[in-house]
Amino acid sequence: MKKLSVLLIFLFGISAGLLAQSKKAIQTVTIKTPSVQCESCKKKIESFLAREEGVEKSVVDFKRKTTKVTFYTDRTNIENIKTAIANAGYDADDVTANEESYQKLPKCCKKPEDGGGMKKQ
């Protein structure tokens, strides 16, 4: 009986520790993505981030020009996420878009100063 009690206390301690770690392992951040223009931009960034290791969820709001990302802190970090967005061709906070990727974007997804953006109705 004593061994069973010790085992139960041990297992309870491990499960409580794992639960505490899992709560700390997820973080949500909002990144400014000022070059996001439209639904196409939204889909491209969300698709890129879905392939990024550790990213649980991403939601791009092109009207507010922000990207909200939930990720596992033990698998990635905010700098990796910003770099992934930049590699998709978009600015992310202080990280500038990868020039080659930016040039491959459709015209509607480019910055207004580069002749892009959505047409005003």
Side-chain angles (χ1 to χ4, degrees):
M1 186 67 171
K2 187 175 181 180
K3 288 182 181 179
L4 182 61
S5 296
V6 171
L7 182 61
L8 286 174
I9 290 171
F10 176 74
L11 290 174
F12 178 75
I14 288 176
S15 65
L18 290 174
L19 184 60
Q21 285 179 347
S22 69
K23 284 184 181 177
K24 288 192 284 186
I26 292 182
Q27 183 178 354
T28 300
V29 295
T30 300
I31 299 168
K32 293 176 189 164
T33 44
S35 56
V36 170
Q37 304 288 324
C38 61
E39 189 68 32
S40 183
C41 298
K42 172 184 171 64
K43 288 178 184 174
K44 185 165 183 85
I45 291 173
E46 289 174 355
S47 173
F48 244 74
L49 291 176
R51 295 187 305 255
E52 182 72 19
E53 183 180 350
V55 172
E56 176 70 16
K57 178 182 178 184
S58 65
V59 178
V60 175
D61 183 337
F62 62 88
K63 291 180 181 177
R64 289 194 170 112
K65 299 192 179 292
T66 60
T67 300
K68 190 178 213 177
V69 184
T70 302
F71 63 97
Y72 291 96
T73 59
D74 60 337
R75 292 202 241 146
T76 193
N77 59 52
I78 191 166
E79 292 308 315
N80 289 346
I81 293 167
K82 289 179 189 180
T83 299
I85 294 169
N87 287 339
Y90 300 91
D91 296 339
D93 280 344
D94 56 339
V95 180
T96 305
N98 172 291
E99 187 61 33
E100 187 178 328
S101 299
Y102 176 75
Q103 292 303 324
K104 292 179 182 177
L105 293 176
K107 189 172 182 176
C108 66
C109 295
K110 293 193 176 170
K111 299 173 186 175
E113 59 266 26
D114 294 333
M118 299 303 291
K119 301 248 189 266
K120 302 281 184 206
Q121 306 233 359

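We're numbering straight along the sequence, starting at 1.
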At their closest point, which heavy atom of [X] faces which heavy atom of [Y], and how far apart are they?
X: A88; Y: L105; answer: O-CD2, 3.7 Å
X: G115; Y: K107; answer: O-CE, 2.9 Å
X: V60; Y: K42; answer: O-NZ, 3.1 Å
X: F71; Y: N77; answer: CE1-CA, 3.9 Å
X: K82; Y: A92; answer: O-CB, 3.7 Å
X: A86; Y: V95; answer: CB-CG1, 3.6 Å

Any non-hydrogen side-chain atom of [X] less than 4.5 Å from a side-chain atom of [Y]?
X: D61; Y: K68; value: no
X: E52; Y: T76; value: yes
X: P112; Y: Q37; value: yes
X: Y90; Y: C109; value: yes

Looking at [Y], is its backbone amide N or carbonyl O close enough to the side chain of [X] to form a donor-acceptor pair, meaning the two atoms are under 3.5 Å apart?
X: S35; Y: D91; value: yes
X: K32; Y: D93; value: no
X: D114; Y: G116; value: no
X: Y102; Y: K111; value: yes

The test is side chain to side chain contact (heavy atoms under 4.5 Å, CB included); show your working for T67 and I81 and say whether it passes. CA-CA 10 Å; T67 300; I81 293 167; over 6 Å; no
Please say whether the positively charged group of R64, taken as NZ for Lys or CZ for Arg, lies over the ring of F62, i.e. under 6.0 angstrom from the six-membered ring centre and within 45 degrees of the axis. no
Taking CD in E100 as the centre, count heavy atoms belonging to other residues, nucleotides or ligands within less than 6.0 Å. Is the count above 12? no
Count I, L, V, M, F, W, Y as connected when their side-chain heavy atoms are under 4.5 Å apart, and connections chain through other members. Are [X] and [Y] then in the same cluster?
X: V29; Y: L49; result: yes
X: V69; Y: F48; result: no
X: V59; Y: Y72; result: no

For the atom pair [atom1] ([X]) and [atom2] ([Y]), what is the distance rounded to the nearest 0.5 Å?
X: C38; Y: K43; atom1: SG; atom2: NZ; result: 9.5 Å
X: K104; Y: N98; atom1: NZ; atom2: CG; result: 8.5 Å
X: I45; Y: N87; atom1: CD1; atom2: CG; result: 12.0 Å
X: I85; Y: N80; atom1: CD1; atom2: CG; result: 11.5 Å

